[in-house]
Amino acid sequence: HKIMAEATGGGVGVRDEALLDSALEGVFAGFGDQDQVVVRRYDREVDGLIVCGCPSDNPAKGAGILLARMFGRIKGWHYRPKILQKLSFGAYNRPFEKEGWPSAWVCSDPDVLKAYHADPLCQFVFTADGFMNLLLLMKDCYSTDWTAGRPGLPVYFISGAQDPCRVSDKALGQAVQAMKDRGYENVSLKLYPGLRHEIHNETRHEEVWADILSFSMDLGHVTGRKP
């Protein structure tokens, strides 16, 4: 598996992008719940996991799944339920409402927010099928019926300290602990003060990419050493 860093404004803050590409070979990195779910099944096939923008567990996910199924069966699976959009993401923007952007929670950089809200591909609403699978993914992620296939796998959580997806530092800590409870022994977390959800697009994105590069190089991909 491989993550390719796409530049925002022409660079990712790492001088040698070929080095970054080499370092990230064999590292699985994802946003949200999908990364833990993939590694749950394939942790023997990757050398490291970076969990970025991890949403904390939502106790209302069961009700959300039922509601999404109801919309899908009555309105069709391609129907886009605005009520689920509001329930899922509406609270995220409350701390940033004074900034005037509907989705200011994604980033603190005004230029990025302007481009984000001008891009129709960033303004979509999930379908009923999309919401159902998003919540099923969260349910799968936080289930306790599995154990680590590779306990020594390095797992690196990174998050903006103002990312509302984390809910709170305590809830994010519980997400980190959930990976430890599954048997992973090398789990770490870094919070970036002042940053929000899309930390790779933030004002300090160079620091974020440098940390990702450092983690990946520590796995030995540049030298060929395996952990």
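These numbers come from the heavy atoms of this one structure, side chains and all, not from hydrogens, waters or symmetry mates.
Here the shortest heavy-atom pairing between Ala128 and Gly76 reads CB-O, 4.2 Å. Counting all heavy atoms, side chain and backbone alike, Ala175 lies closest to Tyr142 at CB-OH, 3.4 Å. Taking all atoms of both residues into account, the shortest heavy-atom contact from Pro59 to Asp57 is CD-O, 3.7 Å. Looking at every heavy atom in both residues, Ala161 comes nearest to Gly194 through CB-N, 4.3 Å. Looking at every heavy atom in both residues, Cys107 comes nearest to Arg196 through O-NH1, 3.3 Å. Scanning all heavy atoms of the two residues, the minimum distance from Ile199 to Leu195 falls at CG2-CB, 4.0 Å.
For the pair Cys165 and Tyr92, the minimum side-chain heavy-atom distance is below 4.5 Å. Using a 4.5 Å heavy-atom cutoff, the side chains of Leu136 and Ile65 are in contact. Between Ile50 and Ile158 the shortest side-chain heavy-atom distance falls below 4.5 Å. Between Pro95 and Trp105 the shortest side-chain heavy-atom distance does not fall below 4.5 Å. Put simply, the side chain of Leu49 does not reach to within 4.5 Å of the side chain of Tyr156, judged on heavy atoms. Contact check for Pro154 versus Phe215: side-chain heavy atoms found under the 4.5 Å cut-off. Considering only heavy atoms from C-beta on, His200 comes within 4.5 Å of Trp209 through its side chain. Looking at Met132 and Leu135, their side chains never come closer than 4.5 Å, going by heavy atoms from C-beta outward.
The closest donor-acceptor contact from the side chain of Ser103 to the backbone of Val106 lies at 3.5 Å or more, if one exists at all. Looking at Arg44, its side chain does come within 3.5 Å of a backbone N or O of Gly149 through a donor-acceptor pair. Without hydrogens or angle criteria, Glu202 side chain to Ser108 main chain gives a donor-acceptor distance under 3.5 Å. The backbone N or O of Tyr116 lies less than 3.5 Å from a partner atom in the side chain of Gln123, making a donor-acceptor pair. Between the side chain of Ser214 and the backbone N or O of Ala210 there is no donor-acceptor pair closer than 3.5 Å. Checking side-chain atoms of Arg94 against main-chain N and O of Ala91 turns up no donor-acceptor pair under 3.5 Å. Distance alone, capped at 3.5 Å, is enough to place a donor-acceptor pair between the His117 side chain and the Leu113 backbone. Not one N or O on the side chain of Asp129 forms a donor-acceptor pair closer than 3.5 Å with the backbone of Gly72.
In this structure, the separation between CD on Glu198 and NE2 on His205 is 13.0 Å, given to the nearest 0.5 Å. Here CZ of Phe131 is found 4.5 Å from OG of Ser88. Values are rounded to the nearest 0.5 Å. Atom CG of Leu189 and atom CE of Met179 lie 12.5 Å apart (nearest 0.5 Å). Rounded to the nearest 0.5 Å, atoms NZ (Lys61) and SG (Cys141) are 9.5 Å apart. Put simply, CD on Glu185 and NZ on Lys180 are 11.5 Å apart, with the number rounded to the nearest 0.5 Å.
A chain of hydrophobic side-chain contacts below 4.5 Å, direct or via other Ile, Leu, Val, Met, Phe, Trp or Tyr residues, connects Val187 to Leu191. Following chains of ILVMFWY side-chain contacts shorter than 4.5 Å, one cannot reach Val167 starting from Leu134, and the two form parts of different hydrophobic clusters. Each of Trp77 and Phe126 belongs to its own hydrophobic cluster when Ile, Leu, Val, Met, Phe, Trp and Tyr are linked at side-chain heavy-atom distances under 4.5 angstrom. Both Leu67 and Phe89 sit in one connected hydrophobic cluster of ILVMFWY residues. Membership requires side-chain heavy atoms under 4.5 Å apart, directly or through other members. Under the 4.5 Å side-chain heavy-atom criterion for Ile, Leu, Val, Met, Phe, Trp and Tyr, Leu137 and Leu66 are members of distinct hydrophobic clusters.
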**Message:** Working note: Tyr79 + Thr127, criterion side-chain contact (heavy atoms from CB on, under 4.5 Å); need CA distance, chi angles, decisive distance, verdict.
**Reply:** CA-CA 5 Å; Tyr79 176 72; Thr127 62; over 6 Å; no

**Request:** Please test Gln177 against Asp181 for side-chain hydrogen bond (donor to acceptor under 3.5 Å, both in side chains), starting from the C-alpha separation and ending with a verdict.
**Result:** CA-CA 6 Å; Gln177 185 60 46; Asp181 291 344; 2.8 Å; yes

**Message:** Could you go through Cys54 and Phe157, starting from their C-alpha distance and side-chain angles, then the distance that decides it, and tell me whether this counts as side-chain contact (heavy atoms from CB on, under 4.5 Å)?
**Reply:** CA-CA 8 Å; Cys54 174; Phe157 281 77; 4.1 Å; yes

**Request:** Please test Tyr192 against Asp211 for side-chain contact (heavy atoms from CB on, under 4.5 Å), starting from the C-alpha separation and ending with a verdict.
**Result:** CA-CA 11 Å; Tyr192 296 86; Asp211 288 340; 2.6 Å; yes

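Under a 4.0 Å N-O distance rule, the pair Arg204/Glu207 qualifies as a salt bridge.
Remark: Lys190 NZ is packed, more than 12 non-hydrogen atoms of other residues, nucleotides or ligands lying under 6.0 Å away.
Arg182 pairs in a side chain to side chain contact (heavy atoms under 4.5 Å, CB included) with only one of the listed residues (Asp43, Val155, Thr144), which is Thr144.
Side chains of Asp145 and Ser143: a donor on one and an acceptor on the other come within 3.5 Å.
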